[in-house]
Amino acid sequence: MPRSTGTRVLKVVDAAVATIAHGAFESIKFFNKHNPNPSITPKWTDKPLLKSWQKSKPTLGWPRETDSLCPDCVREAREAIINGERDLQDLMNEKVGEIKAQIIERDGKVWMIKDCPTHGHFEDLMADDVKFLSWIEQNFPGRDIRAHNDEELHHHGSSTVRYGRGSVLTVDLTNRCNMMCDPCFMDANQVGYVHELTWEEIQEVLDNALKIKPRRQMSVQFSGGEPTMHSRFIDAVAYAKKIGYNSVQAATNGIEFAKSKEYCKKAFEAGLRYAYLQFDGIGNDANSHRQVGNLFDVKIRAIENMHEAGIEIVLVTTLVNGVNNDQVGPIIKFARENPKKISFVSFQPVSFTGRDEEITADRRLRQRYTLSHMAQDVKDQAGITEPTRDWFPISLMGPFSDFADHVHGPNAAWGQLSCGCHPNCGVGTALMVNKDTKEWAAVPDFINVPQLVKDVQHITDAARKKGFSNFMMALALLKNYRSFKSPKSFTLMDLMKKFDKSFHLVGDKNKYGSVEGQRTLEDIKKRRSDPWNFLFIAGMWFQDLFNYDFRRTEMCIIPYATQEGEISFCAYNTGIGWRKIIENMHKNATVGEWYRQHGKHMVYAKGKNVDMEAYETSLNIDAEDAARVKSHEHEAPMTAAEEDKMRRKAAREAAKVREIYEEMVLKRKPEPLVGITALGGGMGKVPGSAPQLTHEHSNGGACGCGSEKTACETTKTDDRELAGIAGD
């Protein structure tokens, strides 16, 4: 029998089984919904698992009102706290910088508008397609369990994390970086000081995270700056593995992994499971805004080295409108053509914070890129998915996690990883790709996702015994499977195996290869032997001061572990600016002092290349995508650095006009500057003026501008340029 005929027969059989399963499920459901069993209370929580109807939701839809922040009030309050003019306790006891915001529909788009009595009107785009955001919010399944036994770590006033078990604990090992990027939400290499966790602090924040109930955060992600620049990075990975985290990750630019296979091997052996690899496009030109001449080559070499060592790769792309949003399609195509090495793509629409916090309104509105933009670009550029049918909030994984928590029973030490964030935070879809033949299909094409979620919720709500619940789950998968829309060689058995592999519902949980901390390279090879790649495509949109919503931060699933407790991702990087406050409280040294003690580290910028042993690759790369060169000519500023230059130029021109006016009209002559000291000593004082202060900038030098800040407007760009070539 020809293969095509055999395949069709299998599809017909699968369709018949699905029909039978539908009838069986609905019949059992009729009786199963009566007298549900009470939910279990596992060891990892002091509260019972929630039924679907017990899950609360924030106010959704529009118009709606929420609590937000005034960008200008926040900056003023933060500086006052850092300078000692206000007390840190104000953030716990007062609603510092908070104002009300309205989320409205206007011309088919969704906007946040807000007014500060002091600083006026602000508005920003939340979605350029109201139907898309409506669909996403409509599919939100509800909040996770409230956090409890968490007072020691969650105590940050309005910014406190209140719901859920978290998904990934984020630990910034250092604010140092070996790149000089725009954008950068940390403003790495530019703040004038070094903030780096000591070994004792690393151990403490990891230990503390295990105390919270529900006991969660099976994953920990080491970040920065560039985490590999910390001298104890490998030790930190090993310690996280030792105390029970089964998924240790690193958010990295990949430079150290590209330079050394041995480094990759050491990281894997220490326990590194995932690398969240910065990946902004296909080809060196598509990555040129990161200022490294051969950055795409670096990424390719890092992927090869890490995969060989056993580390799994997640491509992470910061999308900026007009800069690299044209790379959405090429990146998905790259992942689809390399299914043996790439199983996850995370698109992250830009958050205007850190280096971009003082962005002009014009550039912000030009470069604003939302999740709805991303979903439409996936359709237009990759030719896959419908935005209002095939995309879902990533919190839709919650019902599957709830089911797994129930089946794993009351003695489970950890809760299932659960992405219970606000529906405005993140969205996702998926493709099923054959690793050998490359045939693929969008998962929502062949699985009725919304109905499957409802069926899973019914099974979990009934809370029957493990065997019966697993049987009902099998029926639910079968009844929602559309065999003729799945990839040609994909079968019902493949579907069952993929689900069991993800949630470990039946039999030996290590039969697909262990995912526990002590897993080996053999376990990795066993998991990779699966012929099907579930390629997940996600969009995660972090907030900035212009679209800030406290209903989102209180549900954060990726909190930062800091010396001052655990703080939601957006509250730390934006919000009131906990990052800058905590880093100033616990900074190790000025950059100049650090360099004098430790020496300068290499920073790849200004087009500098990274030296690597080889450039050969086995990856499939579209030659046309890699060779494409965009025009880089533009009249309007595209980065914070360009805006800084424009501000300084305007200030110089204004000063010159003032000088001419005073000399020609007011007949005043400028007083001469005197007492210029040797290089590094700064300028002497102007006669009759107050003594000028000198301070260090990020290049370790001094300035006579009179500012007490770590950087001043007159030298900020020069500092950037000097820091950008540190180590040359």
Side-chain angles (χ1 to χ4, degrees), residues 173-182 184 188-190 194 222-234 237 250-270 272 275-311 313 315-317 324 334 338 341 591 594-595 598-619 621 623 625-627 629 632 698-700 720-728:
L173 295 179
T174 178
N175 72 341
R176 295 186 299 126
C177 189
N178 49 7
M179 288 176 62
M180 197 72 180
C181 299
D182 269 314
C184 175
N189 291 338
Q190 185 58 28
V194 171
F222 293 113
S223 184
E226 171 54 42
T228 59
M229 296 195 68
H230 196 294
S231 61
R232 303 297 295 268
F233 169 71
I234 299 293
V237 171
T252 177
N253 57 34
I255 289 176
E256 292 304 312
F257 296 102
K259 287 161 63 174
S260 171
K261 288 186 176 184
E262 184 61 27
Y263 188 84
C264 296
K265 182 180 178 183
K266 287 181 179 179
F268 172 77
E269 291 174 348
L272 188 65
Y276 273 59
L277 181 67
Q278 176 198 63
F279 194 91
D280 279 0
I282 307 302
N284 284 314
D285 184 76
N287 290 270
S288 60
H289 57 289
R290 297 289 184 182
Q291 301 190 60
V292 180
N294 61 339
L295 191 56
F296 182 66
D297 302 319
V298 170
K299 306 302 181 183
I300 296 305
R301 177 51 42 194
I303 291 171
E304 294 279 23
N305 289 352
M306 289 190 289
H307 185 267
E308 181 180 317
I311 301 167
I313 296 101
L315 303 183
V316 181
T317 306
N324 69 326
F334 172 79
N338 294 282
K341 296 181 180 177
V591 171
W594 183 274
Y595 282 166
H598 301 279
K600 291 184 178 181
H601 63 261
M602 179 64 73
V603 177
Y604 297 92
K606 297 272 183 193
K608 184 179 181 65
N609 283 354
V610 177
D611 292 329
M612 296 183 296
E613 293 179 357
Y615 288 88
E616 295 80 14
T617 180
S618 62
L619 291 163
I621 302 171
D625 288 339
V629 176
H632 295 281
S698 60
N699 62 348
R720 288 176 60 88
E721 292 170 354
L722 286 165
I725 57 173
D728 280 3

Kindly give the heavy-atom pair with the smallest separation between [X] and [Y], and that separation in Å.
X: Ala302; Y: Gly254; result: CB-O, 3.6 Å
X: Cys177; Y: Asn253; result: SG-ND2, 4.2 Å
X: Leu173; Y: Phe233; result: CD1-CD1, 3.8 Å
X: Val610; Y: Tyr604; result: CG2-CD2, 3.7 Å
X: Leu315; Y: Ile313; result: CD2-CG2, 3.9 Å

Criterion side chain to side chain donor-acceptor pair (under 3.5 Å) on Ser260 and Glu262, from CA distance to verdict: CA-CA 5 Å; Ser260 171; Glu262 184 61 27; over 6 Å; no
Out of Asn294, Ile282, Leu295, Val292, which residue meets the side chain to side chain contact (heavy atoms under 4.5 Å, CB included) rule with Asn287? Leu295
Can a salt bridge be assigned to the pair Lys261 and Glu308 using a cut-off of 4.0 Å between side-chain N and carboxylate O? yes
Find the distance between [atom1] ([X]) and [atom2] ([Y]) and round it off to the nearest 0.5 Å.
X: Ser223; Y: Asn175; atom1: OG; atom2: CG; answer: 11.5 Å
X: Asn178; Y: Thr228; atom1: CG; atom2: OG1; answer: 6.0 Å
X: Ile255; Y: Met229; atom1: CD1; atom2: CE; answer: 9.0 Å

Is the backbone N or O of [Y] less than 3.5 Å from a side-chain atom of [X], with the two atoms forming a donor-acceptor pair by type?
X: Asn324; Y: Asp280; result: yes
X: Thr174; Y: Gly225; result: no
X: Gln291; Y: Gly607; result: no

Apply side chain to side chain donor-acceptor pair (under 3.5 Å) to Gln278 and Lys299, showing your working. CA-CA 8 Å; Gln278 176 198 63; Lys299 306 302 181 183; 2.9 Å; yes
